[in-house]
2 protein chains.
Amino acid sequence: MDPSALPTAGNCFIAACKAREVLNHVSNRWGGLVLGALLERNLRYSEIRDRVGGISEKMLAQTLDVLERDGLIARTSYPVVPPRVEYALTESGRALAERFIDLFMWIGTNVETFASAQQRYDSQRDSA
Amino acid sequence: MDPSALPTAGNCFIAACKAREVLNHVSNRWGGLVLGALLERNLRYSEIRDRVGGISEKMLAQTLDVLERDGLIARTSYPVVPPRVEYALTESGRALAERFIDLFMWIGTNVETFASAQQRYDSQRDSA
DNA sequence: TCCCAAGCTTACTTTTTTGTAAGTACTTCC
DNA sequence: GGAAGTACTTACAAAAAAGTAAGCTTGGGA
């Protein structure tokens, strides 16, 4: 329960460690969403692109590369034309995807709280 | 369990919605770490800065502003000199901080998996 | 008077991320 | 031959994020 109890390489609060590196691969604009999209089932590149709103082909390809390198997803290419590639979560990837979906659900369920908090903050700032 | 079952504003997979906005405030380089740092107890600015390795004063101040605006943290300023300011998680903030610490712990505990996956990926790429 | 403390802010620079658009490969079909 | 399909890649540009360093505030103490 306390990240600082982990060895140096595993402590996300320390900048120069592998855990921080991996954290930054998933806890960013696209990483978590791509992982989350794959939780339901294996998907093709275009299917991921369509599910993750706003992601460009460039960012999707880049994100998939990074996630594959970390061992979070597995890429299967079929020898057919047109090209057919499938992406699947690995065990590690599934564990992280579950956590991200839980995070998305929590944020999504409480979105009104955020909206009203922002309004309160903005109006208080305006009057100061 | 399925984010697409949420109303539009609450579905993180849709780009133009409040949930995505809030997600991007926490699931980024510094947001989750700052939230996670505050889970143990209320902290002053300098204490957060010291716990979150690698964060600059500029990025810490900026991140705290964003998190406060979203209603995830509360700032208490004391009328003393030198200035004394404390930051605390709100209820929402705590719910998110718990999820981030869980994520950090998972990543930290399995850091060897990532390291070896990366080696495998890199050596396979070199031989291709 | 000067220095110190903590919590920022500000101006400018650098780095990173993201966007845009075109291109590639290769088979199949018209 | 051209068009279509899919999964990227590439080159360049723009935007965003982050870094760096100096500065400000104000009371208290030497």
Side-chain angles (χ1 to χ4, degrees), chain A residues 12-16 20-34 37-38 42-70 73-88 121 124-125 128, chain B residues 13 15-16 20-34 37-38 42-70 73-88 121 124-125 128:
Chain A
C12 292
F13 284 101
I14 298 180
R20 178 72 80 87
E21 180 192 325
V22 173
L23 176 64
N24 285 336
H25 290 164
V26 294
S27 186
N28 59 42
R29 172 169 276 192
W30 301 119
L33 286 167
V34 169
L38 285 162
N42 299 353
L43 297 171
R44 299 174 67 175
Y45 176 90
S46 55
E47 290 174 316
I48 305 176
R49 188 195 60 215
D50 293 344
R51 279 164 170 72
V52 180
I55 194 167
S56 68
E57 296 185 338
K58 179 180 186 289
M59 291 313 302
L60 177 54
Q62 188 175 303
T63 300
L64 289 169
D65 278 352
V66 169
L67 297 180
E68 189 187 355
R69 182 169 179 273
D70 285 348
I73 62 176
R75 179 180 179 277
T76 305
S77 173
Y78 297 89
V80 296
V81 169
R84 178 188 185 96
V85 176
E86 272 190 16
Y87 293 91
Y121 183 88
Q124 165 221 318
R125 286 247 350 249
Chain B
F13 285 100
R20 178 71 81 86
E21 180 191 324
V22 174
L23 176 64
N24 286 335
H25 291 164
V26 295
S27 187
N28 60 39
R29 169 169 278 188
W30 302 119
L33 287 166
V34 170
L38 284 163
N42 298 356
L43 298 171
R44 297 174 69 172
Y45 176 90
S46 54
E47 291 175 314
I48 305 175
R49 191 195 58 217
D50 293 344
R51 279 163 169 72
V52 180
I55 194 167
S56 68
E57 297 186 337
K58 176 181 184 285
M59 291 313 301
L60 177 53
Q62 187 175 301
T63 300
L64 290 169
D65 278 352
V66 169
L67 297 179
E68 188 186 359
R69 183 169 177 272
D70 284 347
I73 62 175
R75 176 179 181 279
T76 305
S77 173
Y78 296 89
V80 295
V81 170
R84 178 189 183 97
V85 176
E86 272 190 14
Y87 292 92
Y121 183 88
Q124 162 222 325
R125 285 248 350 248

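Here is how names work: the chains are called A, B, and so on, in the same order as the sequence lines, proteins then strands, and each is numbered from 1. When reading the values below, keep in mind they use all heavy atoms of this one structure, side chains included, and skip hydrogens, waters and symmetry mates.
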Engineer: Contact class for A:Arg49 (heavy atom, under 4.0 Å): base, sugar-phosphate, or nothing?
Structural biologist: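 Here A:Arg49 touches no strand at all.
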Engineer: What is the distance, rounded to the nearest whole Å, between atom CG of B:Leu60 and atom C1' of C:dA6?
Structural biologist: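 About 12 Å, once rounded to whole Å.
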Engineer: For A:Glu86 and D:dA7, what is the distance between atoms CD and C1' respectively, to the nearest whole Å?
Structural biologist: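 To the nearest whole Å, that distance equals 13 Å.
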Engineer: Rounded to whole Å, please give me the gap between CD in B:Glu47 and P in C:dG7.
Structural biologist: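 Distance, rounded to whole Å: 8 Å.
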Engineer: If you only use heavy atoms from C-beta on, which nucleotide in D:dA7, C:dA6, D:dT9 is closest to the side chain of A:Val85?
Structural biologist: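 The answer is D:dA7, which lies nearest to the side chain.
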Engineer: Without decimals, in angstroms, what is the distance between B:Leu64 CG and C:dG7 P?
Structural biologist: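 It works out to 10 Å between those atoms.
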Engineer: Rounded off to whole Å, could you give me the CG-to-C1' distance for the B:Leu43 and C:dC8 pair?
Structural biologist: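 That distance rounds to 17 Å.
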Engineer: Looking at D:dA7, D:dC8, D:dT6, which one has an atom nearest to any side-chain atom of A:Ser46?
Structural biologist: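 Closest nucleotide to the A:Ser46 side chain: D:dA7.
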Engineer: Looking only at side-chain atoms of B:Glu57, point me to the closest of D:dC8, C:dC8, D:dG27.
Structural biologist: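 Selected nucleotide (nearest to the side chain): C:dC8.
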Engineer: Is there a side-chain contact between B:Arg44 and the phosphate of C:dA6, meaning an N or O under 4.0 Å from OP1 or OP2?
Structural biologist: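 No, because none of the side-chain N or O atoms of B:Arg44 sits under 4.0 Å from OP1 or OP2 of C:dA6.
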Engineer: What integer distance in Å separates A:Arg84:CZ from D:dC8:P?
Structural biologist: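 That distance rounds to 13 Å.
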Engineer: Which heavy atom in B:Val66 sits nearest to a heavy atom in B:His25, and how many Å separate them?
Structural biologist: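 Closest heavy-atom pair between B:Val66 and B:His25: CG1-CG, 3.4 Å.
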Engineer: Could you run down the sub-3.5 Å N/O contacts of the protein with nucleotides 13-18 of chain D?
Structural biologist:
{"residue": "D:dA18", "atom": "N7", "partner": "B:Lys58", "partner atom": "NZ", "Å": "3.4"}

Engineer: Please determine, for the side chain of B:Asp65, which listed nucleotide (D:dT6, C:dT9, D:dA7) has the closest atom?
Structural biologist: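 Nearest to the side chain of B:Asp65 among the choices is C:dT9.
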Engineer: Does OP1 or OP2 of D:dC8 have a side-chain N or O of A:Tyr87 closer than 4.0 Å?
Structural biologist: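 For D:dC8, OP1/OP2 do have a side-chain N/O of A:Tyr87 under 4.0 Å.
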